[in-house]
Amino acid sequence: MTEPGFETRVVHAGYEPDPATGAVVPSIALATTFAQRAPAEPYGEFEYGRSGNPTRAALERAVAALEGAAHGFAFASGLAAEDAVLRQVPLGGLIVLGNDAYGGTYRLISSVYDTAGWSWSGADLTDLDAVVRDWPEATRLVWIETPTNPTLNVVDIEAVAALAHERGARVVVDNTFATPYLQQPLALGADVVVHSSTKYLGGHSDVVGGFAATNDEELAGRLGFIQNAAGAVPSPFDCYLVLRGLRTLAVRMDRHCANARLVSGALVGHPAVDRVLWPGLTDHPQHDVAKRQMRDYGGMVSLTLAGGEAAAVALAGGTRLFTLAESLGAVESLIEHPGRMTHASAAGSPLAVDPALVRLSVGIETAADLVADLLEALDRL
Ligand SMILES: Cc1ncc(COP(=O)(O)O)c(C=O)c1O
């Protein structure tokens with residue numbers, strides 16, 4: 001049999017029907033400790049709930065397999081996964097962060113790591129000439145988000161990974177927006193992939209979680225060690241929810257992408273809209289890179305309003321179907337004002353966002369309803 005397609009693998013990865021009961025989905029294994037035959041001789045793989053758990057192991061096998069990784073680690077949140085990865089940078093090493101990234105990632109690097117002895121600098125990772133020209137000598141890690149949150153820029157993973165590796169730095173890709181269905185960062189040369197599984201992997205706005213996956217044996221050993229030693233692990237129930245959501249990732253992503261295509265097309269040219277940012281638009285500055293490295297262009301659409309911040313705030317509060325809320329990547333459509341909400345922590349920094357920007361997480365509802373909701377709210381501005 002030829003290698004099964006992603007849609008097949010996403011349904012089955014990480015779990016085989018239990019030989020004892022035939023259960024076709026893993027149970028939520030609540031035990032915090034596992035009996036041992038003799039001291040330090042466990043019956044099987046598990047000893048203690050923080051160190052490992054059957055439900056978590058099924059999720060870890062599944063997401064790792066979908067990312068093409070030999071090793072995967074589930075965490076209690078996306079930021080906990082990021083923290084475990086950042087701890088691998090030697091003290092004093094420099095972290096290069098794309099200058100358009102999730103505000104919480106910026107806050108973690110600039111207000112936790114920076115004050116504890118690591119340094120960082122922002123870079124426009126879409127401009128490869130500038131990356132080479134301004135490369136800081138002490139760089140140990142390059143943190144790529146692509147597409148970026150919230151302006152949906154696209155970074156050429158293969159090119160940045162090659163540059164970083166030539167200069168002795170590792171590369172992390174935050175694959176939250178694209179998911180392994182649309183983009184495979186490890187195959188493009190990244191060393192680690194991280195996720196906020198709170199978003200598309202879970203897909204239903206009902207679980208907070210994070211993930212890190214890698215093929216680097218040494219890094220995997222360190223990540224597993226930190227997962228256990230620092231203990232930011234997800235509960236078995238949370239692992240179950242992420243795994244349950246994951247099974248429909250491919251069909252959800254197809255609908256997210258199709259709806260985002262229709263929504264972005266409808267916004268282009270509206271007199272209240274200045275720019276529409278979606279990598280699938282042919283005038284998107286990195287459309288060609290997106291076309292090369294992604295299967296489709298994702299469900300996130302951002303726009304800037306001709307009427308500036310006041311219009312952006314009014315639009316964010318003016319829709320009916322798009323709920324005004326932080327987060328993204330779930331079945332229901334959400335709208336937010338990054339400058340005042342998700343990216344407020346980046347105000348005044350190189351990562352500060354345009355106050356005229358509104359971000360849409362386009363859900364899987366009927367596309368015409370979503371378009372009508374947005375156009376009515378825009379017409380009211
Ligand atoms: C791209 C991206 N990465 C990481 C995170 C952090 O994940 P979490 O909220 O699960 O800690 C977020 C959260 O919004 C995000 O959008």
Side-chain angles (χ1 to χ4, degrees), residues 59 63 67 73-87 95 97-113 125 141-155 157 172-180 182-183 185 190 192-213 227 230 232-235 238-239 241-242 245-246 253 256 277 279 294 298-302 323-330 332 334-346 351 353 357-362:
L59 172 65
V63 180
E67 288 288 2
F73 304 93
F75 288 89
S77 70
L79 283 175
E82 295 189 12
D83 182 52
V85 171
L86 288 165
R87 283 172 197 254
I95 301 154
L97 174 63
N99 59 11
D100 174 24
Y102 171 56
T105 303
Y106 164 73
R107 181 177 55 203
L108 179 63
I109 291 174
S110 68
S111 302
V112 178
Y113 278 82
L125 297 177
L141 188 76
V142 180
W143 194 281
I144 300 177
E145 216 178 87
T146 184
T148 60
N149 181 1
T151 53
L152 302 169
N153 283 310
V154 174
V155 176
I157 297 172
V172 183
V173 172
D174 183 333
N175 207 24
T176 298
F177 272 32
T179 83
L182 300 181
Q183 175 172 281
V192 196
V193 169
V194 295
H195 278 279
S196 168
S197 30
T198 318
K199 311 299 182 329
Y200 289 105
L201 297 187
H204 295 76
S205 297
D206 55 8
V207 57
V208 172
F211 206 88
Q227 184 193 41
V233 293
S235 75
D238 288 353
C239 293
L241 283 176
V242 175
L246 188 70
M253 291 313 290
H256 284 298
L277 309 169
M294 297 175 74
M300 299 300 296
V301 177
S302 291
T323 301
L324 176 60
E326 300 200 355
S327 203
L328 59 108
E332 71 281 348
L334 301 178
I335 189 167
E336 69 122 0
H337 184 265
R340 293 193 183 186
M341 296 168 67
T342 49
H343 290 67
S345 60
L351 279 81
V353 297
L357 189 80
V358 168
R359 189 188 75 185
L360 306 173
S361 174
V362 180

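The first residue in the sequence is number 1, and the count goes up from there. Each ligand, and each atom within it, is numbered from 1 in the order the structure gives.
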Output yes when the distance from some N or O of ligand 1 to some N or O of Leu79 is under 3.5 Å, and no in every other case. yes

When you measure from the side chain of Gln227 to the backbone N and O of Ala74, does any donor-acceptor pair fall under 3.5 Å? yes

Side chains of His343 and Pro150: does their closest heavy-atom pair fall under 4.5 Å? yes

Quick check: does Ser196 get an N/O under 3.5 Å from an N/O on ligand 1? yes

Residue Gly209 vicinity, atoms of ligand 1 by number, heavy atom under 4.0 Å: 10 (O)

Ignoring angles and geometry beyond distance, decide whether Phe177 reaches within less than 3.5 Å of ligand 1 through its nitrogen or oxygen atoms. no

With no hydrogens and no angle check, do the side chains of Ser205 and Glu332 hold a donor and an acceptor under 3.5 Å apart? yes

Who's the nearest protein heavy-atom neighbour of atom 14 (O) of ligand 1, and how far? Lys199 NZ, 2.7 Å

Minimum-distance protein heavy atom relative to atom 10 (O) of ligand 1: Thr198 OG1, 2.6 Å

Does the side chain of Ser361 reach to within under 4.5 Å of the side chain of Lys199, using non-hydrogen atoms? no

For atom 1 (C) of ligand 1, grab the closest protein heavy atom and report residue, atom and distance to one decimal in Å. Asp174 OD2, 3.4 Å

Give the atoms of ligand 1, by number and element, whose distance to some non-hydrogen atom of Glu82 is under 4.0 Å. 3 (N), 4 (C)

Donor-acceptor pair, side chain of Gln183 and main chain of Asn175, under 3.5 angstrom: no

What is the closest protein heavy atom to atom 16 (O) of ligand 1, and at what distance does it sit? Asn149 ND2, 3.0 Å

Top protein contact for atom 15 (C) of ligand 1, by heavy-atom distance: Tyr102 CG, 3.6 Å

Below 4.5 Å, heavy atoms only, C-beta onward: do Tyr113 and Asp83 meet side chain to side chain? yes

From CG (Leu360) to CG (Leu277), nearest 0.5 Å: 10.5 Å

For the residue pair Ser196 and Glu82, establish whether any side-chain heavy-atom pair is separated by less than 4.5 Å. no

Is there a polar contact between ligand 1 and Glu145, counting only N or O atoms under 3.5 Å apart? no

